[in-house]
Structures are given as C-alpha cells and as structure tokens.
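Below, chain A is the first sequence line, B the second, and so on; all start at residue 1. As a basis for the values below, the full set of heavy atoms in this structure was taken, side chains included, without hydrogen atoms, waters or symmetry mates. These numbers come from a predicted model, not from an experiment.
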Amino acid sequence: MPRIWKFGDSVNTDDILPGKFAPFMAGEDVFQTFAFHYIRPEFAAEVRPGDLLIGGKNWGLGSSREYAPAALKKLQVGGIIAPSFARIHYRNLLNLGIPAFEADLTGSLNDGDEVSLDIATGRLTRGSDVFQLPPAPEFLREALAEGSILAFFKKHGRFPGERNPGE
Amino acid sequence: MTLPALQPQTMAERILSMRGGKTVYAGDLAVVEVDQVMVVDSIAQSFIERMERDLAAVPKYPERVSIVIDHVAPASTVSVAQAQKEAREYAAATGVQLFDVGRGICHQVLMEEGLARPGWIVLGSDSHSTTYGAVAAFGTGMGATDIALAAASGKTWLRVPESVKVTFTGQLQPGVSAKDAALEMIRVLGADGATYQSVEMHAGDRFTRGERMTLANLCVEAGAKAGLVVPGGEILTDYGYDIPEWVYPQPGANYVREVVLDLDALRPRMSAPNEVDNVHDVAALSAELRGMHVDQVFIGTCTNGRIEDLREAAAVLKGRRVAPGTRLLIIPASSQVMEQAMEDGTLLTLQRAGAALGTPGCGPCMGRHQGVLAPGEVCVSTSNRNFIGRMGDKDARVYLASPAVAAATAVMGRIALPEDVLAVAGV
Ligand code: SF4
C-alpha cells in the first residue's frame, strides 16, 4: 500500500534535488538517489513506487530545473498533494506525468500513513477515512493514461483535450 | 470567429478562449496556438536535446521559433561558445530565426522585430517573457520541455489564470518613471501575490510602449504567469498593430483582487536586498543607506535598457562626471537602441560622463560576465532581481531603481535622487 511522506511549506526545487546532484554532475543513472538529500536523507532509499508526497503551500518554488521532478519520476512517486504549487514546477510535473493535486492535507495525514488513491476520481482513502481531492481535469486524466503529457504528445501528435477531427 | 461568452471575461480569459477555439474561464485548461517560441542561449542545448532526442521532431513552423544569443554575449568561456555554436548550427539546419551576439536582449528584440503582437501567444524560455503583455500579447515563461513541445506542435497547454486588476490613476510626476510605478506595484502585490495569476493593468492612454514593457516585465516578480496591459496611447497609433477587439477585457469580468495605484502621489522607489518586493521610498531611506558608498551603477536590461531609459539617464549625467570610486556600466537593450542613442548624441553624453558602454545583451544582470560584483560591493541597478548572488558574489548587494535614480547615484557615488544632482550646476 502506498505510504505518505509529509513535508512542510515552500519545499523548493533545491530541496527536491540539490543543484550539485544534477544528472550531468551526479550521473544520469543515479541522480535520483539524491532526492531530498539534505532535508530527508532516507527518502530515496526507502520510498516505494506509488508513495505519495504531501506538502504545504508553494510546493516546488525556485528554479525551473526539470531534473527535480525527473528524480521523483524515476523513484516512481505516485503523486504530490499540496495546497499550492509553483507554476513552472507544476507544469514540469504534468509534462513528466506525476499527478499533482491541489489540496491541503497536512493537518489530516501523517508521515507513514498507508493510503490508496484513485487518480481518476481523486478519492484518497486511509482505512475508513475518505478524502476527496479535486479530481484531475479530463485533460490530465487523458494524459496520465499515457503516462505524461510528453508521452501523450509523442503518441498522438497533439495535446490531450485538443479537438482533432482527423482522429 | 466569435465564441459564445457566458459571462464577462478578463483579458487573459478572452485571449486564451479565442486562441484555443473554446470559451474558457480561470481554472480551465486550454490548448492554444502559439505564435512565437523564444529560446535563449542558456537553454539552447536542452531545447535541442528535447527536440532531437526526446521528441524526434523538427519545429512545426520554423518561422515561429527564435533563438536569441543574449544571456552571455559575446561568449565568456569555451563551453558557452560551444553551446552558442550548436545553437547557430541548429538554426541554420532547421530554418528557425537566429538573433546573434549584439542584436540585443531577447524580449527587446522580439518586440522590435514585431514577433509579439496584440492577441498573440508568445512563449519564452525566460521568466521575464511576461514583457510581451505590454502590447497585449499573452507572454509567459516556460521550461525546456514545454518550449520544445510548443516548437514541435505549434501549440501549448495552459491553465487559464485568475486575474488581478491594477488600475493606474493620475500622472507620473517629474523625476518619477514607470520603473517606480512597477516597483510600487510589486510592493503592493508582494513577491507571491500573483502566483499563477495574470496581472491585468488598466492605464488608459498613460505609458509608452517601453514603459508598458517595464511594467509587464516586473509582473513575474509577483509570481505572475502574465502581465497584460490594456491597449491605449501610442500602442493604438504608433506601431501599426492590428488590435483585435477580443484582447480587451469585458466590463463585469471576475477579478481575484483589485488594486488602484495613484501616480500623482508616487515618488522614486528603490528595492533593497534581497527581495524585489522590499521596496522603499528613496527620499525616506535611512541616512546610513543614503550615505553608503556605491561601487557600481548598472543601467540596462530588459527592464530599463531602452532609448527612453538612456535618455532619462543622460538628462541627469549631461555635463557631469561619475563620482571617483564609482563605476557606471551602461548596456543598451538592443542594437536598435544603440543606434538611436548614437544618432541623437545620448551615447556621447553618457560616454563623456565616464560610463563604460557594453555590447547589447543581458550584461551582468544574472551575474555571469561583464561587471559581476566582488564580496561586499554595492550596486544600484535598473534590472529586476536583487536576489542573493544574482549579480556576482553572494555577499554583494543589489539595489533596484529607475534609470534617473541610478544616474544620480553614479554622479554622487551614493544613493541619490535626480533633484539632488540637478540642484548642483553642471560643469
Ligand atoms: S536582462 Fe536580465 S532579466 Fe532580462 S532577460 Fe536578460 S538576464 Fe533575464
């Protein structure tokens, strides 16, 4: 079962992946092992595929570096839930196919809680507790079905939700 | 084409509805046509890698893609030179437009080349792409994958932003400029006051195109996705723009916040280290700050490197000299600005006052070359960011101000108002 990893407000892209561990410096194969290296050193070794990150406001502020979400993608993080995201980082998440939900659950969920999340409906459950996240718009559900916006575009040659009379 | 409007729309909602072929409101996702994709030298290599390796694509409309070599121009190191060489080769091979060393700063160049127009969607690989809102183009900055997807498809996806309405009243007083109005706007909004949002500026016929660029440019410092100025004044008459009716906001549109800025009451502003929204009234700065030695004054950048900015500085510097112990760097925003300043004598005035003139481009704005700061040094700059380490060493301090305040500071060697200098007769 996916578990919760809880963070605070204003987690920046340097927290997610410090600049000195960028792929071209640490190595394309291992850079993800430095995710949250300074603020949660155990994260990369212990995170399991599908685990969810809960954050406070302004998640992902700072540089537009795409290798920060790329590290989380490589670790197969199942999604990020925060009351607000920095704009460029939010786009990078969706381009790479990491579901991002805007909701504040920092007061309701705890580190290590076992949960399950239905991406399509936005229903998050922990035992008998149910949290309704704002469901991903149709556009994103379509994209996530192919893995990411980038993957969707590669396959269909258009963006999800775009009218394409030829298809 | 007309679209059904169910409720009145903001500028952002109208432009994105029209360009996506579907009526959308704040919070909706829209897929829209992109009229211009701008790639700067700093990310050219990542852009090429995304295009060739990840997407195996070529630009769908090469004439809608520009590469501008401006952030480190001319190249400062061999690796920068190599990256720029690859950018030139890519442009030659694909037919995208290349603006090489010396042409100027990306945002200024696109505007001069008519590559940002009312109602256009312009994506730049640089956060200050909000600048295009000066002419009611929806300009916004994005990362390398987004930029590559837009180049490959001719489109992009956007979440339609909520809008903050900023209304300007009154008139700028002598010695006060659009930069002061822009800094005041950032002070009022706050550094994250418009995150995700569009700042919609209502200025009537006030402000030239250059002044509108300064205002739209600074909007990103409040976290904004776009900074759109309602067309008016010389925008309507002087540039031959075709201004579609659907770029204007509709009465009754929904705003998350409304702010009124009174220009009559505005006095010169200065943003102190290390946040852009740390804005003060220059006249009310502490005696300690006013007396502090200033090592470098920098006039230039996409915020304030235009002809009107250089003239504003020249008016203060004419017949005067830069104070001993202070250095003044002036870098015109583009080759066109440089030519204008040569023709009307502005450049000669600046040179005679002791300025060091640089090649049109970003210069030391982001601390890579051409005037970076040593530990402990103080710089008064007309740029847009004063973050720690932005213009050189992490212990250097950058104060942001208008060209007139910067010029007065250069003459006095300490933070000064234009009137402090103009009160002393020129030599
Ligand atoms: S002048 Fe400065 S802010 Fe403007 S594009 Fe260049 S580096 Fe960015």
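A salt bridge links B/Arg159 to A/Glu102: at least one charged side-chain nitrogen sits closer than 4.0 Å to a carboxylate oxygen. A salt bridge does not link B/Asp41 with B/Arg368: every distance from a Lys NZ or Arg NE/NH1/NH2 to an Asp or Glu carboxylate oxygen is 4.0 Å or more.
The greatest number of non-hydrogen atom pairs below 4.5 Å with chain A, out of B/Leu158, B/Asp146, B/Asp54, B/Thr195, is found for B/Asp146. Interface check for chain B: of the options A/Asn58, A/Leu150, A/Leu96, the most heavy-atom pairs under 4.5 Å are formed by A/Leu150. When each of B/Asp192, B/Thr145, B/Leu29 is checked for heavy-atom pairs under 4.5 Å with chain A, B/Thr145 comes out on top.
Looking at B/Ile43, neither its backbone nor its side chain comes within 4.5 Å of chain A, counting heavy atoms on both sides. If you measure heavy-atom distances from B/Ser127 to chain A, you find no contacts under 4.5 Å at all.
In terms of modelled atom types and a separation under 3.5 Å, the side chain of B/Glu221 and the main chain of B/Asp277 share no donor-acceptor contact.
Ring pair A/Phe7/A/Trp59 is perpendicular by interplanar angle, where above 60° counts as perpendicular and below 30° as parallel.
Checked against the 6.0 Å centroid criterion, the rings of A/Phe43 and A/Trp5 qualify as a close aromatic pair.
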